[in-house]
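Every heavy atom of this structure was used, including side-chain atoms; hydrogens, water molecules and symmetry mates were not. We count ligands from 1, going down the list as the structure has it; atoms in each ligand are counted the same way. Numbers for residues simply follow the sequence, beginning at 1.
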Amino acid sequence: MEIEELIEKAINAKNNQTYTPYSHFNVGCAVEMEDGSIYTGGNIEIASYSPTNCAERTAIFKAVSEGKREIKKIAITGDADYTFPCGVCRQVIREFAKDPIIVIANSTNDYKTFTMDEILPHSFGPEDLTRSKNGE
Ligand code: THU
């Protein structure tokens, strides 16, 4: 899918799929998986704030729970001027992507793209668990 189309889906998620009664800060996300399927989500807030789920994790977990495992592109849009994923979400993207295009969008004609390594350098990921230096 074209980047602009994926951004439109993220904007739609920001406008229609959030639950933000506490911060009123809305974020939307759309992910395109390896098979071309699209999943969207918004941030969901909880009164005892810590269980709050970011838009990125809502969308990614919907995909993973449907059996999808690899993100091709991910578009994120929020109320900040360029809303970047939080640290936790960067690690979640890392888990389910090999070489994703990460799109941080204000609109369909105002966005920036990043690689995984740019937003999470020197990361730890699934392969590291089988890379023990003790040969175990
Ligand atoms: N939030 C996201 O959904 N994604 C981000 O990348 C940053 C923060 C949400 C969490 C919370 O509901 C609100 O934004 C304010 O932190």
In terms of residue, atom name and distance, what is the protein heavy atom nearest to [atom]?
| atom | result |
| --- | --- |
| atom 16 (O) of ligand 1 | Phe25 CD2, 4.9 Å |
| atom 8 (C) of ligand 1 | Cys54 SG, 4.1 Å |
| atom 3 (O) of ligand 1 | Ala55 N, 2.9 Å |
| atom 12 (O) of ligand 1 | Glu45 OE2, 2.5 Å |
| atom 9 (C) of ligand 1 | Asn43 ND2, 3.4 Å |

Exercise for the section: Measure from NZ or CZ of Lys68 to the centre of the six-membered ring of Tyr39, then state whether that distance is under 6.0 Å and the direction lies within 45° of the axis. Expected result: no

Practice task
Give a yes or no on this: more than 12 heavy atoms of other residues, nucleotides or ligands lie within 6.0 Å of atom CG of Asp128.
Solution key: yes

Handout entry: Pair Asp81-Asn106, side-chain hydrogen bond (donor to acceptor under 3.5 Å, both in side chains): steps then yes or no
Key = CA-CA 7 Å; Asp81 185 22; Asn106 281 340; 2.6 Å; yes

Exercise for the section: Could you list the atoms of ligand 1 found under 4.0 angstrom from a heavy atom of Cys86? Expected result: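 This gives 6 (O) as the contact atoms.
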
Exercise for the section: May I ask you to list the atoms of ligand 1 that are less than 4.0 angstrom from any heavy atom of Glu56? Expected result: 2 (C), 3 (O), 4 (N), 5 (C), 6 (O)

Practice task
Check whether any heavy atom of Thr20 sits under 4.0 Å from an atom of ligand 1.
Solution key: no

Problem - Under 3.5 Å: donor-acceptor pair, side chain of Glu4, backbone of Asn109 - result: no

Handout entry: Phe114/Phe84 aromatic ring centres below 6.0 Å
Key =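 That pair passes the under 6.0 Å test.
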
Handout entry: Heavy-atom pair of closest approach, residues Pro85 and Arg90
Key =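 Nearest pair, atom of Pro85 first, then Arg90: O-NE, 2.7 Å.
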
Exercise for the section: Indicate yes or no: does an N/O atom of Phe84 lie under 3.5 Å from an N/O atom of ligand 1? Expected result: yes

Problem - Distance in Å, Leu6 CG paired with Ile76 CD1, rounded so as to fall on 0.5 Å steps - result: 10.0 Å

